[in-house]
Number of protein chains: 2
Amino acid sequence: MKTSESFIPIYFKLAEDIKQQVFSGKLKPGDMLPTEAQLCSQYGISRMTARQGLKLLVDEGMVESFRGKGSFVAQPKFNQLMLELPDSHFHLQENASVQLLGVDIIPADSTVASVLKLKTNSKVIRIKKLYLTENEPVALDTRYIIYHRRQPVVENEINYAAFPKEVARHTGVALIRNQVTFSAVPLDKNLAQQLGTTEGKPALQIEQLVFGGQEQPLGWSIIICNGEKYRMNAITKTYI
Amino acid sequence: MKTSESFIPIYFKLAEDIKQQVFSGKLKPGDMLPTEAQLCSQYGISRMTARQGLKLLVDEGMVESFRGKGSFVAQPKFNQLMLELPDSHFHLQENASVQLLGVDIIPADSTVASVLKLKTNSKVIRIKKLYLTENEPVALDTRYIIYHRRQPVVENEINYAAFPKEVARHTGVALIRNQVTFSAVPLDKNLAQQLGTTEGKPALQIEQLVFGGQEQPLGWSIIICNGEKYRMNAITKTYI
DNA sequence: CAGTGGTCTAGACCACTTA
DNA sequence: AAGTGGTCTAGACCACTGA
């Protein structure tokens, strides 16, 4: 019985059925689901298959299971959501493009050195990019990566790589943590000019600090987005 | 053989082993993992158990499997990250508090009516809150929820509820999608005054639009954060 | 064609919870 | 003690890939 044409796995069907019951209100947060044994007999399936269906719901956060007790509709969690940073989703948009302004190997000034915990004048790679929509500049991206490997720096790929990935490539370090901070800042004269707007206008600042295994900073990225032209969207994670 | 004391499931061990090989560089993105059959004989386990271990890695995004081809170490994806919105994490912070400015049932003006797809003058619930850090205002939260149930509006809970959850409570609708937009905007005179700053200063605007099952808007929330005092942090999702 | 992962079965023993 | 979910087995057929 395991297959049928226009194939939908049984466990998937089971998960959809339960979802429907939640959406329709037949099952509410806190309610207990049928036991695995009950689902087996209801659907005429084996226990592993029933569990596979439940696992889907558990992974989505819609259901929680407790050994010895049962499976229950979870309380919805709304505060967490997924979002995509501009550095990698930008080139997927219509009318959007990325312009590489420059790649240099420079001595770190005091600010960069302090953030990356380097001595002043240590060598860092600086990459500057401009994001454009309909040929108008909307965001400026400046990245600093500590320099200790001779890697080919300029590639086409560089236009599209997410920052932590880029850091991993250049430093050769694998285990990485990415810390991101959002804030609203006024544009200074210099930035305003590059973004084709005026000083003091609000900008969305997205700062990324990438850490290697021993919590040592490996890279620093600041994206400045013209507040009048750029908005960042996020996707809901949860179901209800 | 399925249990031992200080119990660690075999499938978990298997996943950890593979992770180690990725972190140590023995396996690199793009490399093929041992086939399921190989893992079975290597570990002396059945195929379902091996698959359960691989599933862990697939769920984490570290491994991708392709029918007929094999399982491979995935390219790390860094662009997606989790973040928490201020409306629910605020009260967890040190020195932070929430002040309820008011709850009213008002007729929707043309803006609100348009966003929520209501007729002008339809009744909506408006909730205004002020977020404070060290007794200084840092963010202003205005929420509009369509009114069609008599629910107790003012509760202690309201200070801490995430917006979509609140909407669900008041409208009685279960299936919900939350669409969030971030942008940087200049403060107008009125808002600047409420946040104790001056007109034109940048603010981080977090706009949430909550939809019910048939894509009908149920609630609208705008959080305006003083750019000089508020920053939003996000957590890395991915592994490498 | 042989090899891969995807689905599924019909059992089993276990740890834990509740009564 | 009975019921629950967690782990595990030793098979099976399938769809898909690549030589």
Side-chain angles (χ1 to χ4, degrees), chain A residues 1-19 21-22 27-75, chain B residues 1-19 21-22 27-75:
Chain A
M1 299 310 137
K2 75 207 61 164
T3 69
S4 63
E5 59 192 7
S6 76
F7 185 54
I8 294 175
I10 301 175
Y11 69 88
F12 190 83
K13 178 73 165 62
L14 183 151
E16 288 297 310
D17 287 353
I18 292 176
K19 268 192 209 178
Q21 292 182 50
V22 174
L27 283 172
K28 297 187 190 66
D31 288 355
M32 184 174 167
L33 299 184
T35 68
E36 294 178 353
Q38 286 169 341
L39 289 172
C40 291
S41 60
Q42 278 177 33
Y43 284 83
I45 59 182
S46 78
R47 186 152 163 243
M48 287 302 276
T49 305
R51 283 181 60 75
Q52 200 169 354
L54 288 175
K55 181 75 160 48
L56 283 183
L57 302 172
V58 170
D59 288 348
E60 283 182 36
M62 181 185 262
V63 165
E64 289 171 327
S65 294
F66 303 95
R67 179 179 349 209
K69 299 175 75 172
S71 297
F72 302 82
V73 180
Q75 298 298 328
Chain B
M1 300 305 138
K2 74 206 58 163
T3 69
S4 62
E5 57 191 6
S6 77
F7 185 54
I8 293 174
I10 302 175
Y11 70 87
F12 190 83
K13 178 74 166 61
L14 183 151
E16 288 298 308
D17 287 353
I18 293 175
K19 267 192 209 180
Q21 292 182 50
V22 174
L27 282 171
K28 296 187 192 67
D31 288 353
M32 184 174 167
L33 298 184
T35 67
E36 294 178 356
Q38 286 169 342
L39 290 172
C40 292
S41 58
Q42 277 176 37
Y43 284 82
I45 58 181
S46 78
R47 188 156 159 240
M48 287 301 275
T49 305
R51 282 181 61 75
Q52 200 169 353
L54 289 174
K55 180 75 160 50
L56 283 183
L57 302 172
V58 170
D59 287 348
E60 284 183 34
M62 182 185 263
V63 165
E64 289 171 328
S65 294
F66 303 94
R67 182 184 341 214
K69 299 173 78 172
S71 297
F72 302 83
V73 179
Q75 300 298 328

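All values below come from the heavy atoms of this structure, side chains included, with hydrogens, waters and symmetry mates left out.
Between B/L57 atom CG and C/dG5 atom C1' the separation is 15 Å, expressed in whole Å. The separation between B/F72 atom CZ and D/dT17 atom C1' is 10 Å, rounded to whole Å. The distance from atom NZ of B/K55 to atom P of D/dT7 is 13 Å, rounded to the nearest whole Å. Nucleotide D/dG5 holds its C1' atom 14 Å from the CD atom of A/E64, rounded to whole Å. Rounded to an integer number of Å, the gap from CZ of B/F66 to P of D/dG18 is 11 Å. C/dG6 atom P lies 14 Å from atom CD of B/Q52, rounded to whole Å. One interatomic measurement links the two molecules: CZ of B/R51 to P of D/dT9, which rounds to 15 Å at whole-angstrom precision. If you measure from atom CG of B/L54 to atom P of C/dG5, you get 8 Å, rounded to the nearest angstrom.
In this structure, B/Y11 does not reach the D/dC8 phosphate: none of its side-chain N or O atoms is under 4.0 Å from OP1 or OP2. The phosphate of D/dG5 has neither OP1 nor OP2 within less than 4.0 Å of any side-chain N or O from A/K69. Neither OP1 nor OP2 of C/dT17 sits under 4.0 Å from any side-chain N or O of A/R67.
Here the side chain of B/S71 is nearest to one of D/dC8, C/dG5, D/dG6, namely C/dG5.
Between A/K55 and B/D59 the shortest heavy-atom distance is NZ-OD2, 3.4 Å. Nearest heavy-atom pair, A/I45 versus A/L14, reported as atom, atom and distance to 0.1 Å: CD1-CD1, 3.9 Å. Minimum interatomic distance between A/K13 and A/I8 (heavy atoms only, all atoms of both residues): N-CG2, 4.4 Å. The two residues A/C40 and A/A50 have their closest heavy-atom pair at SG-CB, 4.1 Å. Here the closest heavy-atom approach between residue A/Y11 and residue A/T49 is recorded as CB-O, 3.4 Å. Pairing each heavy atom of B/A74 with each of B/P29, the nearest pair is O-CB, 3.6 Å.
Within residues 32-49 of chain A, the residues having any heavy atom under 4.0 Å from DNA chain C are, by residue number, A/G44, A/I45, A/S46, A/R47, A/M48, A/T49.
Applying the salt bridge (Lys or Arg N to Asp or Glu O under 4.0 Å) test to residues at least two apart or on different chains, the pairs with a partner in residues 38-50 of chain A are A/E36-A/R47.
Inter-residue side-chain proximity for A/V63 and A/V22 is flagged as unmet; no heavy-atom pair is nearer than 4.5 Å.
In this structure, the helix from C/dC1-D/dG18 to C/dT18-D/dA1 shows an angle of 10° between the axis at its start and the axis at its end, each fitted on 5 base pairs and rounded to 10°.
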Take B/L57 and B/K19, measure what side-chain contact (heavy atoms from CB on, under 4.5 Å) needs, and give me the verdict at the end. CA-CA 8 Å; B/L57 302 172; B/K19 267 192 209 180; 3.8 Å; yes
